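One structure is given below, encoded as structure tokens.
All values below were derived from every heavy atom in this structure, side-chain atoms included, with hydrogens, water molecules and symmetry-related copies excluded. Not measured: the values here are computed from a predicted model.
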Amino acid sequence: MTNPLKKLRSKHHSQEQTSVQNQRTGSVRLRIVAWMVLVTAFIITGLIFTVREILISEVGTNAVASTESEISEFRTFAELGVDPTTAAPFEDLDQMLTAFVSRQFTGYSEQLIGVTSNQVIFIEEQQDYAEETGYRLHQDQNLLALITGYERTSGIEQTPAGPVHWGKMEVTLNTDTGTQTGHLIVVGYIQPELDAVQHTIVTMIWVGLGGLVATVLIAWLVAGRITKPIRSLRTVAQAINDKNFSGRVAVKGDDDVAAMGHTFNQMLDRLEESAMIERQFMDDVSHELRTPITIVRGHLELMDRTEEQDQTLQLVDDELERMGRIVADLLTLAKSERPDFVSPHPVDVADLMITLDSKVQAFTDHRWMISDIAEGEVDLDEQRITQAMVQLCANAAQYSPEGTTISIGSAFEGTGPQRELKLWVRDQGPGVSAEDAATLFERFKRNNAKNPATAKKHSVGAGLGLAIVRSIAEAHEGSVWIAQPDDGIGAIFGITLPVNAPAESGKDDTDALADNVSSVRYPSWTK
């Protein structure tokens with residue numbers, strides 16, 4: 001038999017975990033997207049830095065190659081030592097450097113400079129990068145002196161036109177007047193190439209960002225398809241309860257996720273079969289036990305009894321009557337597992353309370369009073385709610401001293417979707433301890449409190465009445481609760497039902513409820 005306490009705990013546990021499960025499902029999808037984006041971003045970033053380093057390296061390599069090519073050509077020219085225009089040997093170094101520089105065609109970002117002790121030789125009106133920036137190295141005497149003074153033959157210097165790569169060759173010419181020494185300097189302005197590299201990198205960054213955006217969209221769609229079977233399984237699992245095992249996961253494909261879906265469906269098949277067997281067993285037992293109990297009681301009543309036997313037979317008859325009530329209660333609990341246990345329909349709460357008051361007047365040893373009446377209609381099963389409230393009233397009469405006043409009441413609480421109907425019974429008994437309240441609505445659990453005025457009445461019943469009350473409340477998607485009044489006398493047993501239709505009065509009766517249940521000293525009692 002399904003343990004109602006476990007059912008109650010699982011119900012509240014599932015409600016508390018719903019938002020957590022949604023977050024977990026969402027986080028799985030987000031984690032998949034995040035990892036895909038992270039990996040893509042890492043690859044794109046690495047690619048951009050790699051391409052940047054390669055391009056910058058190529059800029060330097062090209063500058064060095066261009067410089068070496070010009071110097072190699074000048075070295076060959078100097079070794080010949082012949083003026084191409086006259087076919088005669090050069091008479092001085094100025095003539096040699098002028099002849100070589102004037103005959104060379106330099107690129108957009110290259111410049112040839114000859115430096116002797118007499119002058120600086122360069123090409124006038126050359127349309128190149130240096131001319132566009134307004135800076136030419138041959139005009140910078142300090143930098144020329146610095147370069148010619150270096151022992152190394154190449155290097156990079158920073159100028160107003162950006163970094164320049166230079167290479168130089170020292171040349172010596174023996175003439176009739178003596179030995180002349182000078183330098184040929186090959187200058188490469190590398191800023192244009194660096195600008196081109198920067199433009200390429202910026203383009204790659206924008207393309208990479210576009211790729212990341214596309215990756216996010218594609219990853220979101222892919223992750224959604226991957227996690228869709230998991231979401232479907234979670235939805236089915238949330239819909240499954242101890243009364244409904246009909247949900248199944250739609251399985252497609254033959255991968256690991258599909259295998260998980262098949263396994264889950266097989267588990268639900270076994271659970272559904274087990275629940276059906278359990279319910280059928282309880283139905284059969286309850287029905288079968290009622291017949292022999294009725295027959296035995298009938299025969300006992302027809303038996304001729306002696307005065308000695310009468311007391312024993314009376315005890316047997318009382319026990320049979322109690323067994324009959326237990327069987328009836330078990331049958332009711334078994335029926336509560338069925339989806340058709342309750343048949344809600346619009347019911348006027350005021351009429352329900354008046355009808356209930358007329359029924360509880362049968363407990364003639366107590367005075368009954370309606371403390372508050374909620375006005376409005378609620379969708380509920382009138383017969384089942386009346387059964388639950390009568391059970392609470394019987395429980396209150398059992399534990400309250402004779403002649404005391406027991407009050408019943410109802411009130412609406414909350415507004416909008418949170419609007420609820422509270423029904424309660426306040427007794428004048430010994431109260432309920434926190435330890436008893438934790439298990440009082442379980443089957444075969446009873447209040448251990450002792451009241452000398454009603455002690456012998458406590459032995460009546462099997463502890464199924466409050467379990468039936470809770471089953472009826474939960475069948476209406478409601479709950480049961482216990483509270484202790486401010487004055488500490490007795491206890492208040494109540495039922496909370498969701499309101500599916502607006503109350504006619506259109507007002508919140510929370511204040512009326514607060515007058516009766518203003519201090520809940522044991523919040524954990526709310527089931």
Side-chain angles (χ1 to χ4, degrees), residues 8 347-361 363 366-376 378 380-382 384-400 404-414 418-432 434 436-437 440-441 447 449 465-499 503 505 507-527:
L8 176 67
V347 175
D348 186 272
V349 180
D351 291 343
L352 175 66
M353 295 301 297
I354 293 173
T355 302
L356 176 63
D357 180 62
S358 64
K359 291 180 180 293
V360 298
Q361 295 299 329
F363 302 103
H366 301 84
R367 295 190 300 272
W368 296 89
M369 177 185 70
I370 298 180
S371 58
D372 289 286
I373 296 182
E375 297 181 1
V378 178
L380 51 82
D381 189 321
E382 184 177 6
R384 291 299 184 187
I385 294 299
T386 301
Q387 178 185 0
M389 290 299 293
V390 168
Q391 179 61 54
L392 291 180
C393 291
N395 188 73
Q398 177 182 342
Y399 281 87
S400 298
T404 57
T405 300
I406 302 175
S407 61
I408 61 177
S410 61
F412 287 106
E413 183 180 33
Q418 304 300 323
R419 191 172 177 83
E420 297 175 331
L421 173 64
K422 303 280 188 177
L423 303 170
W424 68 87
V425 177
R426 176 177 178 177
D427 61 40
Q428 299 293 320
V432 180
D436 287 340
L440 199 56
F441 284 92
N447 189 2
L466 293 182
I468 293 175
V469 172
R470 188 172 67 181
S471 296
I472 293 174
E474 291 178 352
H476 286 81
E477 298 183 357
S479 60
V480 291
W481 47 270
I482 307 173
Q484 186 170 358
D486 287 334
D487 55 16
I489 300 175
I492 302 174
F493 288 71
I495 299 175
T496 298
L497 303 175
V499 176
S505 59
K507 65 180 181 178
D508 188 351
D509 296 336
T510 305
D511 293 339
L513 177 60
D515 293 339
N516 295 278
V517 191
S518 57
S519 176
V520 180
R521 300 187 182 180
Y522 306 101
S524 62
W525 291 7
T526 301
K527 298 292 181 178

Apply side-chain contact (heavy atoms from CB on, under 4.5 Å) to residues F412 and R419 and explain how you reach the verdict. CA-CA 7 Å; F412 287 106; R419 191 172 177 83; 3.4 Å; yes
- [ ] Show your working on side-chain contact (heavy atoms from CB on, under 4.5 Å) between F493 and L466 and close with a plain yes or no.
- [x] CA-CA 10 Å; F493 288 71; L466 293 182; 4.0 Å; yes
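T404 OG1 to D427 CG: the interatomic distance, rounded to the nearest 0.5 Å, is 8.5 Å. Residue Q361 holds its CD atom at 9.5 Å from CG of L356, rounded to the nearest 0.5 Å. Considering CG of L352 and OG1 of T386, their distance stands at 4.5 Å, rounded to 0.5 Å. Distance CD/E477 to OG1/T496: 14.0 Å, rounded to 0.5 Å.
Side chain of D372 to main chain of S410: no donor-acceptor pair is present (N/O by atom type, distance under 3.5 Å, no hydrogens or angles). A donor-acceptor pair is defined here as one N or O able to donate and one able to accept, closer than 3.5 Å; no such pair exists between the side chain of H476 and the backbone of P498.
For the pair M389 and L423, the minimum side-chain heavy-atom distance is below 4.5 Å. No side-chain heavy atom of K422 sits under 4.5 Å from any side-chain heavy atom of L497. Under the 4.5 Å side-chain criterion, counting only non-hydrogen atoms from C-beta, I489 is in contact with Q428. Counting heavy atoms from C-beta on, the side chains of W424 and L392 never come closer than 4.5 Å. At a threshold of 4.5 Å between non-hydrogen side-chain atoms, the residues I406 and C393 do not count as touching. Between S479 and E474 there is no side-chain heavy-atom pair separated by less than 4.5 Å. Within the 4.5 Å cutoff, the side chain of I472 has heavy atoms near those of the I385 side chain. Between R426 and S371, every side-chain heavy-atom pair lies at or beyond the 4.5 Å cut-off.
Using a 4.0 Å cut-off between charged nitrogen and carboxylate oxygen, R367 and D357 do not count as a salt-bridge pair.
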